[in-house]
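Comments concern the structure below.
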Amino acid sequence: MRVRRLAAWTALPLAVTLGLAACGSGGDGGSGGSGSSAVSIQIAEPKHLVPTNTTETSGAQVLTGLFSPLVDYDAQNKPYEVAAQSVTSSDNKVWTIKLKDGFTFHNGEKVTSEDYINAWNYGAYAPNGQDSNYFFEKIAGYTDLQGKAPKAKEMSGLKKVDDLTFTVTLSDPYIDFKTVLGYTAFYPMPDAAFSAPGVLKDSYEQAPIGQGPFKMKGTWQHDSKIDVERYDAYPGEKPKVKNIEFRIYQQLTAAYADVLADNLDVLPTIPSESLSTAPSDLGDRYKTSPMSSFQFLAFPTFDKDYSNPDVRKAISMAIDREEITKSVFKDSQQPARSFVSPVLPGYRENTAGKAGEFNPTEAKKLYQAAGGPSKIVISYNGDGGHKDWVDATVNQLKANLGVDAVGSAEPKFADLLTKVEKKQPVGMFRMAWVMDYPTMEDYLGPLYTTNGSSNYYGYSNPDFDRLVKEGSAAKTQDEAIAKYQQAEDILAKDMPVIPLRFGENVFGTSSKVKNVQMDLFQRVNLVKIEAAS
């Protein structure tokens, strides 16, 4: 299942221009009085704002305000109920979900079990082309909804028991199913979202109706902003602020300038060029916290230039991770030589083995012997602050492999994803992952299984697929981790991507807000943030 949380931003090489405003509203984005205040949070232009179609961090950040999940995660990464009253199973195959009473959608509709069933069936129905389709594959009947002419429009594994209860029967036991339910794809959608059964209104995405602590204020202003306001009928924990402006920036440099000038309240990522000075620039407005991000370079494995694993390993060995992490990221990130984040149980250091070690001499020998291409292109989204580290990587490849190499920027992350989905020639491409839910499976299944929802590189290995499947079906967490680790070992042999860095939240705030918390998913906690008095 995928993240779905492909991350658009990284720490950005910055040429700060103080006072340079982005597309936001300038000086009135800060917070005002308590309880009725507005705060502004920087995001990139989302690709989508439909729960079953949102697989990147900016869109997910907005949806966390508009929707309330069935479960969330405590400090030990264990799921606890939020919109769900209970999630139970005696065999990890048939799950019963009871909803809390009292939740309503922002249009006044009462939330029922059918709203979950309808939304999930919509997401799983292949002709709808939802990016999170893959998240439903473990539910019985999912395969009947796949292909150009599916056999069915509803999954047989979803059954309504009563207005607040439904059951989910999986095709096979899945030990982490309750944990998965915290993911964006499992939000409900109201009747008002559909023009007919199974047909989503075109207008829904421009003003999504959720059942969370905030509701839309107007419609999505593309490439500009998304305004939301507190939903007073929300039965859960009440937000401390009344309005939030998700301000969309084309360049992170402008966002950094705005937070320095107190014109933006939360900048979730500090530009890398300013990392060395940001602590003094921002003082106590400079913040750090743990997160789950994983930066990597992906290969189009379907391209003959990169189809040989030895070519991929040689490129990995030609990259000096420590040098880039220190010079570009000022040690705010950690060099990565594994495919699973250190925040999770089951993490092991350097699972990439020799392919993860910087060895330019052996890299060049291996690259030439394997017949690597004479020119390497690294594509990245130009709105995400990736230019400096991509340029540094390109220079290392030139020097260490003796090839021509160049970075190529796409205007937006969505543009890059669209191109790689269509298998257009973009060369190697920059990607990043922020976990969807806290299990090893989330770093393996969506990104590398043959039908993984974020497998943009066309990687396929039947043994890898089998081991991930066996891990999911394990009876205990220890058994699951053992299988997942065996699957990760296969990635080290095939190297469909190059692990580069594990991240942490390094963010800045204005002087007008307090209690800004960011989670392992690189999201601001919209309920906790407060206006400074």
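Basis for what follows: all heavy atoms, side chains included, without hydrogens, waters or symmetry-related copies.
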Pair listing, salt bridge (Lys or Arg N to Asp or Glu O under 4.0 Å) test, anchored in residues 105-125, at least two apart:
Asp101-Lys110, Glu114-Lys160
Listed pairs under 3.5 Å, donor-acceptor, residues 514-521 side chains, sequence neighbours left out:
unit_1: Asn515; atom_1: OD1; unit_2: Gln517; atom_2: NE2; d: 3.0
unit_1: Asn515; atom_1: ND2; unit_2: Lys528; atom_2: O; d: 3.2
unit_1: Asp519; atom_1: OD1; unit_2: Phe521; atom_2: N; d: 2.8
unit_1: Asp519; atom_1: OD1; unit_2: Gln522; atom_2: N; d: 3.2
unit_1: Asp519; atom_1: OD1; unit_2: Arg523; atom_2: N; d: 2.9
unit_1: Asp519; atom_1: OD2; unit_2: Arg523; atom_2: NE; d: 3.2
unit_1: Asp519; atom_1: OD2; unit_2: Arg523; atom_2: NH2; d: 3.3

Pairing residues for Tyr231 by the side chain to side chain donor-acceptor pair (under 3.5 Å) criterion, not counting sequence neighbours:
Thr104
The side chain to side chain donor-acceptor pair (under 3.5 Å) partners of Ser195 (sequence neighbours excluded) come to none
Salt bridge (Lys or Arg N to Asp or Glu O under 4.0 Å) pairs, two or more places apart, involving residues 186-200
none
Restricting to side-chain contact (heavy atoms from CB on, under 4.5 Å), what partner residues turn up for Asp162, sequence neighbours left out?
Leu164, Thr165
Partners passing side chain to side chain donor-acceptor pair (under 3.5 Å) against Ser89 (at least two apart in sequence or in another chain):
Asp91
Quick note, side chain to side chain donor-acceptor pair (under 3.5 Å) partners involving residues 71-83, not counting sequence neighbours, are Glu81-Lys178
With sequence neighbours excluded, what pairs up with Lys153 under the side chain to side chain donor-acceptor pair (under 3.5 Å) test?
none
Does Val241 reach the side chain of Val513, with side-chain heavy atoms less than 4.5 Å apart?
no
Quick one: which residue pairs count as a side chain to side chain donor-acceptor pair (under 3.5 Å) with a foot in residues 119-130, not counting sequence neighbours?
Thr52-Gln130
Using the salt bridge (Lys or Arg N to Asp or Glu O under 4.0 Å) rule, collect all pairs that involve residues 275-289, keeping only residues at least two apart or in two chains.
Asp262-Arg285
Please identify each residue that fulfils ring-ring contact (aromatic ring centres under 6.0 Å, His included) with Phe294, with sequence neighbours left out.
Phe296, Phe502
